[in-house]
Amino acid sequence: MTARVLPATDLLALADAAAVLQRGGLVAFPTETVYGLGADAFDARAVARIFEVKARPSFDPLIVHLAEAASLDWVAVADDPRAVDLAARFWPGPLTLVLKRRPELPDIVTAGLDTVGVRVPAHPAARALIAAAGTPLAAPSANPFGYVSPTTAAHVAELLGDAVDLVLDGGPCRVGLESTILSLAGEPVILRPGGLPKEELEEALGMSLPVAGPSERPLAPGQLQAHYATRTPLVVLAARAQAAPPGDRRVGLLAQRPTQARGFAAVEVLAPDGAVETAAARLFAALRRLDAMGLDRILAEPCEETGLGYAIMDRLRRAAAGVRS
Ligand code: TXA
Ligand code: MG
């Protein structure tokens, strides 16, 4: 069934969306990273519907979205001065902080943990929606569990249809990768690389930051090996591609930059301009287009693992871990 999609710039649509949330409904909304599937974070029944719609395991906690950093103590205990500093520096923006939670927050939001993931998204429509709803929004990425995250309203409508009460269309996501998750619950550790480069966080904290590996207990199921997977088997190459492997299989290429590679059934170039920001913003849509072509295999070129390139390689490796061959 088709989703109800309205423009995020329309004030009536915004009021409509806020009313849906206040009634315990679900609204998909744009953020600068990816589209989120939002519910009132203080309404446990509404949050339960998110898990149903996404077919998401209940051990996977949700990120709580605020309109402004000043609302932080609604949901978290911000007694760590580093949290206050990072919030002032990087919010609104693609950073999620894992902090001690407030007990008033329903357990279903945090999967029973004594911490909560919080962020202030930078998309003006997201902040306007949260402000209009008058409550923080619990929101995972608006995709079925384990699949590539949506970076346009059309992706959300395709994936979730009328299982969501309303989709606000705020255009394609500017960053295109999910937020970087930093835990300050104990010693600082990055739980998921993402749209805020690790180097910027390290500079702000004056220390180098460990990144929790997929082998460790998944504190964030964003850390699960086979996550963000395409349905088509995907392999990450060690270097740029020259030509498709011989044989009659239909192979697609995900190229980082313009390429002369021959023999591929389809080619997606992530960054025609060579900029890593462009590659990040186009990554999920390109994966989705290749995945829709009925290819036998997708080969993905690697990129340099610095800045946003770190998160791009992280997502490609996780997609590759879903290979069923
Ligand atoms: O950019 C983003 O972060 C997007 C947009 C919508 O804000 N959201 C997003 O949510 O990617 P989701 O649910 O797809 O991924 C959130 C990750 C999950 O892997 C979850 O386990 C982790 O955040 N997380 C949330 N709360 C946590 C907590 N208290 N401790 C550890 N991990 C947490
Ligand atoms: Mg997700």
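Side chains are part of it too, since the values below use all heavy atoms of this structure and drop only hydrogens, waters and symmetry mates. When a ligand or atom number is given, it counts from 1 through the structure's own listing order.
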Requested in this report: Output yes when a side-chain donor or acceptor of D296 lies under 3.5 Å from a complementary backbone atom of V251, and no otherwise.
Outcome: no
Query - Any donor-acceptor N/O pair, K100 side chain to L184 backbone, under 3.5 Å - result: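 Checked: no pair found.
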Query raised in the report: Are L168 and P30 close enough that some pair of their side-chain heavy atoms sits under 4.5 Å apart?
Result: yes
Name the option, out of [options], that contains the heavy atom nearest to [atom].
atom	options	answer
atom 30 (N) of ligand 1	V98, L177, V64	V98
atom 15 (O) of ligand 1	R192, R119, K54, K100	R192
atom 6 (C) of ligand 1	S179, G36, S149	G36

Query raised in the report: Looking only at heavy atoms, what is the nearest atom pair of L308 and A280, with distance?
Result: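 That closest heavy-atom pairing would be CD1-CB, 4.1 Å.
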Query - Where V269 and P258 come nearest, the two heavy atoms and their spacing - result: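 In this case the closest contact between V269 and P258 is CG1-N, 3.5 Å.
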Query raised in the report: Does the ring of Y147 carry R288 above it, NZ/CZ under 6.0 angstrom from centre and within 45° of its axis?
Result: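 No - R288 does not lie over the ring of Y147 by the 6.0 Å and 45° rule.
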Query raised in the report: Do K198 and Y310 meet the cation-pi criteria used here (NZ or CZ under 6.0 Å from the six-membered ring centre, within 45° of the axis)?
Result: yes
Query raised in the report: Under 4.0 angstrom from ligand 1, any heavy atom of T110?
Result: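 Contact check T110 vs ligand 1: negative.
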Report summary line: At under 4.0 Å between heavy atoms, what of T33 touches ligand 1? The answer is side chain
Query raised in the report: Side chain or backbone of L62 under 4.0 Å from ligand 1, or both, or neither, by non-hydrogen atoms?
Result: backbone
Please say whether [X] places an N or O atom under 3.5 Å from an N or O atom belonging to ligand 1.
X	answer
R56	yes
S141	yes
H65	yes

Can you sort out which atoms of ligand 1 are near [X], meaning under 4.0 Å from one of its heavy atoms?
X	value
V116	29 (N)
L113	28 (C), 29 (N), 30 (N)
G117	26 (N), 29 (N)
I181	17 (C), 22 (C), 23 (O)
L191	31 (C), 32 (N)
T115	28 (C), 29 (N), 30 (N)

Report task. Test salt bridge (Lys or Arg N to Asp or Glu O under 4.0 Å) on E200 and R89 and set out the steps. Result -> CA-CA 10 Å; E200 289 190 38; R89 189 144 162 177; over 6 Å; no
Report task. Please assess R49 against V164 for the test side-chain contact (heavy atoms from CB on, under 4.5 Å), listing each intermediate value before the final yes or no. Result -> CA-CA 9 Å; R49 259 191 78 204; V164 39; over 6 Å; no
Query raised in the report: Does S141 bring an N, O or S atom to under 2.8 Å of the Mg ion (ligand 2)?
Result: yes
Report task. Check the surroundings of atom CZ in R102: do more than 12 heavy atoms from other residues, nucleotides or ligands lie under 6.0 Å from it? Result -> yes
